[in-house]
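What follows is one structure encoded as structure tokens, with my remarks underneath.
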Amino acid sequence: EVQLVESGGGLVQAGGSLRLSCAASGFSFDDYAIGWFRQAPGKEREGVSCISSSVGSTYYADSVKGRFTISSDNAKNTVYLQMNSLKPEDTAVYYCAAGSGPLLLLNLWNRDEYDYWGQGTQVTVSS
């Protein structure tokens with residue numbers, strides 16, 4: 001059974017940092033790209049970052065470039081999202097997702113490209 005479990009969310013002041021974790025089971029990271037998405041109240045779910053072990057690449061939305069860093073520990077089947085210089089507008093529920101389709105890397109922020117989703121973890125940034 002494929003499972004993704006996020007952790008590491010919480011309440012932090014603006015300018016602070018958090019590290020989110022996405023622990024995966026039931027599949028190999030070698031075969032999947034892992035993306036982080038977020039959804040703020042009343043807004044669409046949006047892509048934040050993605051990592052593909054198969055091509056050795058990382059990707060970021062413009063809104064988080066230079067502040068967020070995605071990484072993976074394939075031995076632990078875990079992907080991390082280090083979030084620095086957090087802003088109130090980063091407040092959202094953060095989800096990790098896994099996908100393996102051939103068009104995924106061409107459509108990074110298309111939710112339909114991802115087959116499996118975690119339950120989400122809340123990140124709240126106070127001003």
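Both backbone and side-chain heavy atoms feed into the values below; hydrogens, waters and symmetry mates do not.
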Applying disulfide (SG to SG under 2.5 Å), can you list everything that pairs with Cys22, at least two apart in sequence or on another chain? Cys96
Do the non-hydrogen side-chain atoms of Val5 and Gln3 ever get within less than 4.5 Å of each other? yes
Report yes or no: does Glu6 contribute a side-chain atom to a donor-acceptor pair with the main-chain N or O of Gln119 at less than 3.5 Å? yes
How about Ser72 and Ser53: do any of their side-chain heavy atoms sit closer than 4.5 Å? yes
Verify same cluster id: Val2, Ile34 (apolar side-chain graph, 4.5 Å): yes
So do Thr69 and Tyr60 actually touch side chain to side chain, heavy atoms under 4.5 Å? yes
State, to 0.1 Å, how close Leu4 and Ala97 come at their nearest heavy-atom pair, and which atoms those are. CD1-CA, 3.8 Å
Linking I/L/V/M/F/W/Y whenever their side-chain heavy atoms sit closer than 4.5 Å, directly or via other members, would Val64 and Ile51 fall into one cluster? yes
Would you tabulate the side-chain donor-acceptor contacts of residues 78-85 under 3.5 Å, counting partners in other chains and residues two or more places apart, or write 'none'?
{"unit_1": "Thr78", "atom_1": "OG1", "unit_2": "Lys76", "atom_2": "O", "d": "2.9"}
{"unit_1": "Gln82", "atom_1": "NE2", "unit_2": "Asn84", "atom_2": "OD1", "d": "2.9"}
{"unit_1": "Asn84", "atom_1": "OD1", "unit_2": "Ser17", "atom_2": "OG", "d": "2.9"}

Would you say that Val123 contacts Leu20 through its side chain, given a criterion of any heavy-atom pair below 4.5 Å between the two side chains? yes
Would a single hydrophobic cluster contain both Leu104 and Val55, if residues Ile, Leu, Val, Met, Phe, Trp and Tyr are joined by side-chain heavy-atom contacts under 4.5 Å? yes
Working to the nearest 0.5 angstrom, can you tell me the gap between Ser100 OG and Phe27 CZ? 9.5 Å
With rounding to the nearest 0.5 angstrom, report the OG to CG distance, Ser57 to Leu105. 7.5 Å
Tell me, which pairs form a salt bridge (Lys or Arg N to Asp or Glu O under 4.0 Å) where one or both residues lie in residues 53-62, sequence neighbours left out? Asp62-Lys65
Residue pairs passing the ring-ring contact (aromatic ring centres under 6.0 Å, His included) test with at least one member in residues 87-127, sequence neighbours excluded, are Phe37-Tyr114, Phe37-Trp117
To the nearest 0.5 Å, how far apart are CG in Asp112 and CG in Leu103? 12.0 Å
Run the side-chain donor-acceptor check on residues 41-49: report pairs under 3.5 Å with partners two or more places apart or on a different chain.
{"unit_1": "Glu44", "atom_1": "OE1", "unit_2": "Arg111", "atom_2": "NH2", "d": "3.2"}
{"unit_1": "Arg45", "atom_1": "NE", "unit_2": "Gln39", "atom_2": "OE1", "d": "3.2"}
{"unit_1": "Arg45", "atom_1": "NH2", "unit_2": "Gln39", "atom_2": "OE1", "d": "3.3"}
{"unit_1": "Glu46", "atom_1": "OE2", "unit_2": "Arg38", "atom_2": "NE", "d": "2.7"}
{"unit_1": "Glu46", "atom_1": "OE2", "unit_2": "Arg38", "atom_2": "NH2", "d": "3.2"}
{"unit_1": "Ser49", "atom_1": "OG", "unit_2": "Tyr59", "atom_2": "O", "d": "2.9"}

With Arg67 via side-chain hydrogen bond (donor to acceptor under 3.5 Å, both in side chains) - residues at least two apart: Asp90
Would Thr124 and Gln122 count as having a side-chain donor-acceptor pair, cut-off 3.5 Å? yes
Over all atoms of both residues, closest heavy-atom pair of Ser127 and Ala14: CA-CB, 4.3 Å
